Amino acid sequence: MYYERSSPPRDVQVQGIRSHVASHFGVTEEELLARSRKSEFVNRRAICYQLCREMSDASLSQIGRYMANRDHTTIIAGLKRKLPLEMQVAKNHIRFALEQGSPHSLTFVRAAPFQTRRAKSEPVFRSRRGTTE
């Protein structure tokens, strides 16, 4: 059985998502779409894949085509990728900006930098014998 889409894929929206993600992180679209395997770039691309899948009706192959001719299996891997908390917050902020149709600003992430527990905590040394003197 064949199912037809109610509307054609919104190619402009996929490109808009890509440009919003690039501007949010302060990089160019070419840097975002580069073949680098560094985790910072991989996480940014994963945000693009996830937002394109959630907010547009484009297929996996169409998303891959607009993300520098990547294969649909690469898109699937990006959709399954677990994002760090900082990236999840950035993704939610980008989604909100896209839904509101407002121009994107960089002030949100830069005003409240993310800190991990490791950065704040210091090792505590206690004696094993207890507090008896």
Side-chain angles (χ1 to χ4, degrees):
M1 182 170 229
Y2 295 100
Y3 296 99
E4 293 185 23
R5 293 179 184 262
S6 59
S7 63
R10 296 174 288 209
D11 298 336
V12 176
Q13 188 170 2
V14 173
Q15 293 172 349
I17 291 170
R18 188 176 69 188
S19 66
H20 265 75
V21 171
S23 68
H24 179 81
F25 291 109
V27 296
T28 63
E29 289 189 37
E30 290 79 24
E31 292 173 340
L32 182 69
L33 301 176
R35 298 285 178 182
S36 175
R37 293 186 185 177
K38 291 184 179 180
S39 64
E40 60 189 63
F41 294 111
V42 172
N43 287 333
R44 292 171 186 171
R45 284 192 295 266
I47 289 174
C48 281
Y49 303 154
Q50 292 172 6
L51 287 175
C52 288
R53 190 65 174 165
E54 293 169 6
M55 299 185 75
S56 72
D57 55 354
S59 67
L60 296 174
S61 60
Q62 289 170 335
I63 294 170
R65 191 176 318 123
Y66 285 104
M67 296 298 291
N69 279 335
R70 288 186 161 75
D71 193 30
H72 73 281
T73 56
T74 305
I75 307 302
I76 292 171
L79 293 174
K80 292 180 180 179
R81 185 171 183 83
K82 289 286 193 181
L83 296 173
L85 184 61
E86 180 181 21
M87 292 294 175
Q88 291 175 9
V89 170
K91 176 184 162 188
N92 290 335
H93 186 66
I94 294 168
R95 181 188 299 132
F96 180 75
L98 285 167
E99 289 172 351
Q100 298 300 318
S102 62
H104 192 70
S105 66
L106 295 173
T107 57
F108 178 76
V109 173
R110 293 190 180 157
F114 180 75
Q115 294 180 352
T116 62
R117 290 183 185 170
R118 291 183 186 170
K120 290 191 289 185
S121 66
E122 296 180 10
V124 177
F125 297 105
R126 296 182 181 161
S127 81
R128 293 185 183 198
R129 295 182 183 173
T131 58
T132 58
E133 293 181 31

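We're numbering straight along the sequence, starting at 1. In this text the structure is predicted, and so the values were computed from the model without any measurement.
- Rounding to the nearest 0.5 angstrom, the gap separating the NZ atom in Lys38 from the CZ atom in Arg44 is 10.5 Å.
- Phe25 has its side chain out of reach of His20: every pair of non-hydrogen atoms, C-beta onward, lies at least 4.5 Å apart.
- There is a path of hydrophobic side-chain contacts, each under 4.5 Å, that joins Leu32 to Met55.
- Within 6.0 Å of CZ on Arg37 lie no more than 12 heavy atoms contributed by other residues, nucleotides or ligands.
- Taking Ala68 as the reference, Leu33, Arg70 meet the side chain to side chain contact (heavy atoms under 4.5 Å, CB included) condition, with sequence neighbours excluded.
- Within the model, atoms CZ of Arg53 and CD1 of Ile75 stand 10.0 Å from one another, a figure rounded to the nearest 0.5 Å.
- The cluster map of Ile, Leu, Val, Met, Phe, Trp and Tyr, joined by side-chain heavy atoms under 4.5 Å apart, puts Leu51 and Leu83 in the same cluster.
- Between Ala46 and Gly78, the shortest heavy-atom distance links the atoms CB-O, 3.7 Å.
- The structure places SG of Cys52 at 11.0 Å from CD of Gln62, a figure rounded to the nearest 0.5 Å.
- For the pair Ala58 and Val14, the tightest heavy-atom approach, listed with the atom from each and the gap, is CB-CG2, 4.1 Å.
- The NE2 atom of His24 sits 4.5 Å away from atom CD1 of Ile94, with the distance rounded to the nearest 0.5 Å.
- Considering only heavy atoms from C-beta on, Gln100 comes within 4.5 Å of Phe96 through its side chain.
- With respect to Arg95 and Glu54, a salt bridge is recorded, a charged nitrogen being found less than 4.0 Å from a carboxylate O.
- The side chain to side chain contact (heavy atoms under 4.5 Å, CB included) check on Ile76 picks up Leu60, His72, Lys80, with sequence neighbours excluded.
- With sequence neighbours left out, the side chain to side chain contact (heavy atoms under 4.5 Å, CB included) criterion links Glu29 to Arg18, Ser19, Ala22.
- What you find for Met67 and Cys48 is that their closest heavy atoms are CE-CB, 3.5 Å.
- Separation of atoms CG (Leu79) and OH (Tyr49) is listed at 9.0 Å; rounding is to 0.5 Å.
- The line from CG of Asn43 to NZ of Lys82 is 13.0 Å long, rounded to the nearest 0.5 Å.
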